Amino acid sequence: MPTTTPPAAAAAVVAQTAPLRITVWNEYRHEKTDPAAAAIYPHGIHAALADALAQIPAAVVRTATLDEPEHGLTQDVLDATDVLVWWGHAAHREVADAVVLRAQKRVLEGMGFIALHSAHHSKLFKTLMGANCSLKWREANDKERLWVVNPAHPIAAGLPEHFELEREEMYGEPFTIPEPDNVVFISWFTGGEVFRSGATWQRGNGRIFYFRPGHETYPTYHDANVRRVLANAAQWVRPTVRIPDAAPNTPPLEPLPLSA
Ligand code: ZN
């Protein structure tokens with residue numbers, strides 16, 4: 001007779017009604033050294049992101065930055081994180097490999113991960129993608145028009161068919177990422193380029209979203225549509241399970257006719 005024993009993974013289900021614990025990680029260097037960035041984000045990009053994410057009902061948002069011990073991402077912090085949001089640019093190489101592997105492990109267990117703008121070249125995103133994640137770029141005050149190409153996706157909820165950012169850095173294809181599970185946004189720039197600016201993947205049990213806009217000298221994270229994308233995305237990548245890695249030797253569920 002078939003067994004009625006529930007699968008072991010059932011114990012790992014994460015309640016969707018629990019507080020959504022978000023950690024916003026920011027390199028936090030440009031805002032200290034570049035007056036243009038400091039003028040737009042006087043308390044750091046992480047503060048603007050945290051403010052946008054705090055609009056999510058039941059969200060508990062904390063921030064962490066590169067120059068904190070262990071970059072603010074201790075095991076205790078990651079254990080208490082459902083969604084990790086990442087902004088980095090000039091100091092990717094300063095992020096300790098041990099912290100990258102610690103965060104990667106949590107994504108594979110089920111933690112959600114949102115990589116923003118220049119985080120396409122962060123160690124954590126590249127590790128999870130297994131690819132170069134390179135692209136074309138230009139800082140020349142292009143207008144960016146983001147087209148919602150998957151209006152049924154929860155990350156696009158409440159957005160118009162397209163929306164514009166009047167000034168942004170250009171990112172252009174080819175973007176050397178693995179084929180996404182879903183492309184939610186495609187951007188067009190006044191210079192003529194296009195870019196897959198919102199894309200999703202799953203790695204292990206964790207959902208991943210990459211979102212392109214957010215150069216440090218433009219007020220992108222104050223834009224209402226961008227803030228809606230961030231809030232939608234954090235809710236979409238939230239964990240459904242937490243399953244630590246294991247490769248157990250396991251007995252059969254049925255008698256094996258040829259067993260010794
Ligand atoms: Zn940039």
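Bear in mind the structure is a predicted one, so any value in this text is a computation, not a measurement.
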| Residue pair Tyr171, His117: steps toward the ring-ring contact (aromatic ring centres under 6.0 Å, His included) verdict | CA-CA 9 Å; Tyr171 279 7; His117 188 58; 4.7 Å; yes
Under a 4.5 Å side-chain heavy-atom rule over Ile, Leu, Val, Met, Phe, Trp and Tyr, are [X] and [Y] clustered together?
X      : Y      : value
Val24  : Met111 : no
Tyr221 : Leu146 : yes
Val77  : Trp87  : no
Tyr210 : Met170 : yes
Ile45  : Phe125 : no

| query | Residues in side chain to side chain donor-acceptor pair (under 3.5 Å) with Tyr28, at least two apart? | reply | none
Check for a donor-acceptor pair, side chain of [X] on one end and backbone N or O of [Y] on the other, with a separation under 3.5 Å.
X      : Y      : result
Glu168 : Gly214 : yes
Asn205 : Leu108 : yes
Arg106 : Leu84  : no
His71  : Leu73  : no
Glu173 : Arg196 : yes
Asn150 : Val184 : no
Asp142 : Gly191 : yes
Gln16  : Pro239 : yes
Arg207 : Trp236 : yes
Thr176 : Ser134 : yes

[Y] side chain reached by [X] side chain, heavy atoms, under 4.5 Å:
X      : Y      : answer
Ile22  : Ile56  : yes
Arg62  : Thr23  : yes
Tyr218 : Leu165 : no
Leu135 : Arg212 : no
Glu31  : Pro42  : no
Cys133 : Phe175 : yes
Leu116 : Trp86  : no

| task | Sequence neighbours left out, what passes salt bridge (Lys or Arg N to Asp or Glu O under 4.0 Å) with Glu169? Give chain and number order. | result | none
Donor-acceptor pairs are to be reported for all side-chain atoms of residues 92-101 against protein atoms at under 3.5 Å, with residues two or more places apart or in another chain.
| from | atom 1 | to | atom 2 | distance (Å) |
| --- | --- | --- | --- | --- |
| His92 | NE2 | His89 | O | 3.3 |
| His92 | NE2 | Ser118 | O | 3.0 |
| Glu94 | OE1 | Arg29 | NH1 | 3.4 |
| Glu94 | OE1 | Arg29 | NH2 | 2.9 |
| Glu94 | OE2 | Arg29 | NH1 | 3.1 |
| Asp97 | OD1 | Lys123 | NZ | 2.7 |

| said: Quick test of your reading: applying salt bridge (Lys or Arg N to Asp or Glu O under 4.0 Å), list the pairs with at least one residue in residues 214-230, sequence neighbours left out, ordered by first then second residue. | reply: Asp51-Arg227
| Can you name the residues that form a ring-ring contact (aromatic ring centres under 6.0 Å, His included) with Trp188, not counting sequence neighbours? | none
| said: For His43, give me all partners under ring-ring contact (aromatic ring centres under 6.0 Å, His included), at least two apart in sequence or on another chain. | reply: none
Can you name the closest pair of heavy atoms from [X] and [Y] and give their distance?
X      : Y      : result
Gly72  : Ala64  : O-CB, 3.6 Å
Leu53  : Ala234 : CD2-CB, 3.8 Å
Asn232 : Ala157 : ND2-O, 2.9 Å
Val14  : Val241 : CG2-C, 3.6 Å
Pro178 : Ala131 : CD-CB, 3.8 Å
Arg203 : Ile208 : CG-CD1, 3.5 Å

| request: Would you please indicate if the ring centroids of Tyr41 and His46 are separated by under 6.0 Å? | output: no
| query | What do you reckon, is CH2 of Trp201 surrounded by more than 12 foreign heavy atoms closer than 6.0 Å? | reply | yes
So how far is it from [X] [atom1] to [Y] [atom2], rounded to the nearest 0.5 Å?
X      : Y      : atom1 : atom2 : answer
Ile114 : Leu49  : CD1   : CG    : 9.5 Å
Phe113 : Leu124 : CZ    : CG    : 4.0 Å
Glu179 : Asn182 : CD    : CG    : 10.5 Å
Glu164 : Trp147 : CD    : CH2   : 8.0 Å
Glu144 : Thr220 : CD    : OG1   : 7.5 Å

| message | Would Phe195 and Phe189 count as a ring-ring contact (aromatic ring centres under 6.0 Å, His included) here? Give the steps. | response | CA-CA 9 Å; Phe195 191 77; Phe189 296 86; 7.3 Å; no
| request: Could you give me the CA-CA distance, side-chain angles and deciding distance for Asn26 and Thr65, then say whether side-chain hydrogen bond (donor to acceptor under 3.5 Å, both in side chains) is met? | output: CA-CA 5 Å; Asn26 181 19; Thr65 56; over 6 Å; no
| said: Go through it in stages, so that I can follow the logic: the residues are Asp82 and Arg21, the test is side chain to side chain contact (heavy atoms under 4.5 Å, CB included), and I'd like the CA-CA distance, side-chain angles, deciding distance and then a yes or no. | reply: CA-CA 5 Å; Asp82 297 313; Arg21 302 168 301 176; 3.0 Å; yes
| request: Go through the steps for Ile40 and His215 under the test side chain to side chain contact (heavy atoms under 4.5 Å, CB included), then give the verdict. | output: CA-CA 11 Å; Ile40 296 166; His215 187 66; over 6 Å; no
| request: Assess whether side chain to side chain contact (heavy atoms under 4.5 Å, CB included) is satisfied between Val148 and Phe185, documenting all intermediate values. | output: CA-CA 5 Å; Val148 176; Phe185 305 106; 3.7 Å; yes
| query | How far apart are the C-alpha atoms of Trp25 and Glu68, what are their side-chain angles, what is the distance that settles it, and do they pass the side chain to side chain contact (heavy atoms under 4.5 Å, CB included) test? | reply | CA-CA 11 Å; Trp25 189 90; Glu68 297 174 39; over 6 Å; no
